[in-house]
Structures are given as C-alpha cells and as structure tokens.
Q: 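First, the structure itself, so that you have it in front of you.
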Amino acid sequence: MATETTAESASACVGPNGSAIGMPQLCGEWVGNQVFWLILALVAIYFVLDRVALPRIQAILAERQGTITSDLAKAEELKAQAEEAERAYEKALAEARSEAQKIAEETRAEIRQQVQDAQDKADAEIAARTAESEKQIAEIRASALANVETVAKDTAEALVAALGVNADKSALDAAVDKRIEG
Amino acid sequence: MATETQGGDAAHGEGGGLVFHPMDQFIVKPLFGDGGVGLFTVTNATLWMALAVLCVIGLMVLGTSGRGIVPGRVQSVAELAYGFVYKMVEDVSGRDGVKYFPYIMTLFMFIVFANFLGLIPMAFTTTSHFAVTVVLALAVFLFVTILGFVKHGAKFLELFWVASAPLALRPILAIIEVISYFVRPVSHSIRLAGNLMAGHAVIKVFAGFAAIAAVSPISVLAITAMYGLEILVAFIQAYVFTILTCVYLKDALHPHH
Amino acid sequence: MEGDLAHIGAGLAAIGSGAAAIGVGNVAGNYLAGALRNPSAAASQTATLFIGIAFAEALGIFAFLVSLLLMFAV
C-alpha cells in the first residue's frame, strides 16, 4: 500500500493511496452524478411499474379472484346437484322400503286369508258331517222308537190275548200310543 | 500484508490501526478510466442503480410474464410485493391514497433492491449516500406538500393548528408542528442512509479486526452476526421509508387531525 | 495527534447509540406487553411498532452520524 502513494488521485475526496478523505457521503463533487443517475433510475422504475408491471399484476390478481369466484360458484352448483341426487336416492330408498312393507303386508294378508279359508272349509265340512251323523242318529232313534212301539203293541196284544180278553186291535194300539207318549 | 501486525502498522491508515479505511467502500469512482466524476460519468453508483432497476424489471415484469393463475416462484414474490405495498398504502393513507400507489411502489422497490444489492460483498450501496436518500426524501416531501396545497389550498395549514388542544397552547404547538414538518425530510433521509452506512461501516471495522490473528475468529463471527442484522435492516429500512411516506401522504390528504 | 479531541468527542457521541437502544427496547417491550395482553389487536399495530422503532432508532443514527463526522470529517 505504501508503495502506491505515487498514484494520482483524480478526486479531492480520495487520498493519494486510494483511501477516502473524510466521509465520502459528504463529498460535494459526487452529488450531482448520483442525483442524475438516481433520477434516471427512479423514472425508469416508475415507467416500468406504472405501464407494465402493476397493471399486469392487477390483471392477474383480478383474474385469479374471478377464477376463484367462478370456481366457488361451480362448486356450489355441484354441491347442490349432489344434494339433489342424495335427496332422490333417499326418496327412492323410502319408496322401496314402503313398497317392500306393502308387499309383505299383502302377502301376510293373503296367507292369513288362505289359512282362514282352509279353516272355514274344514269347519264347514265338520259341521256337515256332524249334521249327517245327527240325522243318522235321529233316524236310528226314530226307527228304534218305532220298533219299541211295535214291540210294545205286540207285547200288549199278546198279554191281552193271554189274559183271555178279546180286545179290539185298534183300541189296544191307541192305548199303547197314549202310554208311550205319556 | 497485515499478518505480522501487532497493531503497530499505523502507517497504513491515516490515524487508526485499521488495515483499510472503513469508509472506503462508499467512494464513488468512474467505472471506465481514471478521470474525475462528472455529472454524466458512468460510476459504480450508476452500475448498482442500474442493477437495482434491472432487478425490479426482472422481478416485476419478467417474473410475471407467465401471467399464471397459479403463480410460480418469482411471480409469487412479485405479487407478494405488490400486495404488501398496496395494503400498506390502503391501510395507512386511506382509500384515496391508492391513486398514488405507483409512486410509493417505485420508492419501495428501488430502496429494497438497492439495500439488498448493497449487501453483496464488494458491492456499492447506493442508498448509503445522503445525496441519494435526500433526493428520495425531498421528492416525497415536495410531492406531499404540493399535493396538500393543491387538494386543500390554505386549509392544508390546519395540519399545524391542533384544534383539539387548549387555545393558549395552540401557537406553541403550531411552531412545534411546523418545525417537525420541516425536519421530516431530514430524518427521513438520514435514517435510511445512516442505517445502511452504519451497518456497512461496522462490518468493515470488524473486517479490519479480522487481520489481527488473536481476535479474528471473534471478528468473523461478529461480521456474520452483523450481516444477518443488516439483512433485517435492509428490509426494515425500506419498509419504514415507505410507511413514513404513506403517513406523510395521509397528512396531505387528510390534514385535519 | 491533532484529531485527539475529535476522537474523544466521537466516542462521547457514540453513547447516543446506547440511548437509542434503550428507546428501541422500550418501544418493542411495551408493544410486546400490550400484544400479550390483547393478542387480537397486535397485528394491527405492527406498522405503528415499526414507525416507533424507526423514530427511536433515527436518533441513535444521528448520534452515530455525529460520531462519524467527528472521526472522518472534522
């Protein structure tokens, strides 16, 4: 470093060895240059931002907002559709359930009807048989009664004949009838 | 060169024991040739400002050229920057401040890129020069003052007349308000340049200590820590500059307290 | 050395950096205390926090600047 002391320094603010004299920030001869380039830089940035970058970013953000909004609307619509489908499904399910219940009910009623019919038929048959049996019993009883009458009359005639009385046959029958009925 | 030093190499610096002057990094020098720095000379300041402009274009124009509904990496950053500054303007300055959003965005993008580019080793930090920050702050100050007078005419002066204070106090408060109003561009510019200059100078000071073998590990650690802090400062100072601009803009748009 | 008094002045001016540190700490600490008490309001006040820190820090930067001026410009 010490060997460089011979170097020419072009500025009043820079020492002969390339080191600053005082604060470089306070060096007056550099101010104009910096201000000039700064203003140029600021104007350049301003025009680039104002004309190109900011409108573009604004457009991008607006577009994204629009996309998000429309996507949300679409999602809302899809959700409504899904809800509707679910409602239709629920309805179909309920219908199927009630249908099944109805069929079961019908089947049950039919079976009950069949059972009832069979029972009725059996009842009727039993009743018919009973009536027939009763009729036969009545017939048997009537024939038995008639036999009893004949036997009684015959016995009474024989008795009367044995006693030696010559009784009228019709009178004898009437008397026996009277006794039997009484 | 400084490896054999025991602090006795005062010959290198002008007065201190440092190997190099911590302010050397702020020297403006021509990129081509050894001539003086004229008004239109292409200097290292020009180079780094141009790089900042190119970075802004790269991020905000090339990065968004895809116009993707689903943003890519660079486009996300561009949109983030847009949303960040837009929300700041809207929140602080109000709805009618949104009209001036491109100006504020310009300031923010320039400062944030100049700050971060300045953190590249061997880079020149354009925003560490008062010449630059004073122009930025004066631009804001003049813009806001003229806007206030154009919008509200003489009523803009009500900004200095605190109607809610007791009548006797108002003239005193008015004086204070006027002074604070005119100190605004000063503090606005010195805050930015001062923060950056301070950080970079401190890094250089620690770098100078690194030449002394006994303390060099500590100094390297300190440089690392300072560098991390400077990354934070680079962003926060851009943010603060921008939000103060928004606050001043709000004062111009709504001068009534 | 001719710059001796200036160097002492620079050192004294650097005390201002410490004062600014106290100020920044105050701002951030009070913000944190308030934010913990009412976390829902914390997010809306970050801008105010940064403005407060910037104002406090600016004064420290002024002190640092004075010290730099004494070191390098006087």
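All chains are named by letter (A, B, ...) in the order of the sequence lines, taking the proteins before the strands, and each is independently numbered beginning at 1. Computed over heavy atoms, backbone and side chain alike; hydrogens, waters and symmetry mates excluded.
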Q: Please give me the minimum heavy-atom distance between Trp37(A) and Thr41(B), naming the atom from each residue.
A: NE1-O, 2.9 Å
Q: Select, from Ile45(A), Leu61(A), Thr67(A), the one with the greatest count of heavy-atom pairs under 4.5 Å involving chain B.
A: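 Most pairs with chain B among the choices: Ile45(A).
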Q: Step through the shown structure and confirm whether more than 12 heavy atoms of other residues, nucleotides or ligands are within 6.0 Å of CD on Glu86(A).
A: no
Q: Taking every heavy-atom pair that is under 4.5 Å apart, which of Leu107(B), Val132(B), Val134(B) has the most such pairs with chain A?
A: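 The candidate making the most pairs under 4.5 Å is Val132(B).
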Q: Which answer fits Gln25(B), side chain, backbone, both or neither, if we ask what part of it has an atom under 4.5 Å from a heavy atom of chain A?
A: neither
Q: At a heavy-atom separation under 4.5 Å, does Val56(B) approach chain A through its side chain, its backbone, both, or neither?
A: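 Contact with chain A involves the side chain of Val56(B) alone.
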Q: Run the side-chain contact (heavy atoms from CB on, under 4.5 Å) check on Asn33(A) and Phe40(B) step by step: do they pass?
A: CA-CA 6 Å; Asn33(A) 177 272; Phe40(B) 305 116; over 6 Å; no
Q: Tell me the closest heavy-atom pair linking Gln25(A) and Met23(B), and the distance in Å.
A: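 Where Gln25(A) meets Met23(B) most closely, the heavy atoms are OE1-CE, 4.0 Å.
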Q: Nearest 0.5 angstrom please: Glu79(B) CD to Ile60(A) CD1, how far?
A: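 So the CD of Glu79(B) and the CD1 of Ile60(A) are separated by 5.5 Å.
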Q: Select one option (side chain, backbone, both, neither) describing which atoms of Pro71(B) are under 4.5 Å from chain A's heavy atoms.
A: both
Q: What option among Thr64(B), Val135(B), Thr126(B) has the most heavy-atom pairs under 4.5 Å with chain A?
A: Thr64(B)
Q: Can you see which heavy atom on Phe36(A) is nearest to which on Leu39(B), and at what distance?
A: CD2-O, 3.6 Å
Q: Other residues, nucleotides and ligands only: do more than 12 of their heavy atoms fall within 6.0 Å of CD on Glu83(A)?
A: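 Yes, because the 6.0 Å sphere around CD of Glu83(A) holds more than 12 heavy atoms from other groups.
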Q: Do the charged groups of Glu63(A) and Arg67(B) touch, with an N to O distance under 4.0 Å?
A: no
Q: Passes side-chain contact (heavy atoms from CB on, under 4.5 Å), Phe130(B) versus Val31(A)? Steps please.
A: CA-CA 9 Å; Phe130(B) 293 126; Val31(A) 169; over 6 Å; no
Q: Against chain A, work out which of Ala139(B), Ser128(B), Gly68(B), Ala193(B) has the most heavy-atom pairs shorter than 4.5 Å and name it.
A: Ser128(B)
Q: Got a second to check how far Thr46(B)'s OG1 is from Gln34(A)'s CD, nearest 0.5 Å?
A: 8.5 Å
Q: For Pro24(A) versus Phe26(B), what's the shortest heavy-atom pair and its separation?
A: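 Between these two residues, the closest heavy atoms are CB-O, 3.5 Å.
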Q: Heavy-atom pairs under 4.5 Å with chain B - which of Ile68(A), Val52(A), Leu54(A), Asp50(A) has more of them than the others?
A: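 Ranked by heavy-atom pairs under 4.5 Å with chain B, first place is Leu54(A).
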Q: Of the non-hydrogen atoms in Val61(B) and Arg56(A), which two are nearest, and what is the gap between them?
A: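 Looking at all heavy atoms of both residues, the shortest contact is O-NH1, 2.6 Å.
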Q: Give, as side chain, backbone, both or neither, the part of Ala45(B) having an atom under 4.5 angstrom from any heavy atom of chain A.
A: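 Side chain only.
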Q: Can you see which heavy atom on Met60(B) is nearest to which on Ala53(A), and at what distance?
A: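 In this case the closest contact between Met60(B) and Ala53(A) is O-CB, 3.4 Å.
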Q: Counting only non-hydrogen atoms closer than 4.5 Å, does Tyr103(B) touch chain A with its backbone (N, CA, C, O), its side chain (CB onward), both, or neither?
A: both
Q: For the atom pair OH (Tyr82(B)) and CG (Leu49(A)), what is the distance rounded to the nearest 0.5 Å?
A: 11.0 Å
Q: Please say whether more than 12 non-hydrogen atoms of neighbouring residues, nucleotides or ligands are located less than 6.0 Å from CZ in Phe47(A).
A: no
Q: Relative to chain B, which of Val35(A), Leu26(A), Leu38(A) shows the most heavy atom pairs under 4.5 Å?
A: Leu38(A)
Q: If you round to the nearest 0.5 Å, how far is OH of Tyr46(A) from CE of Met105(B)?
A: 13.0 Å
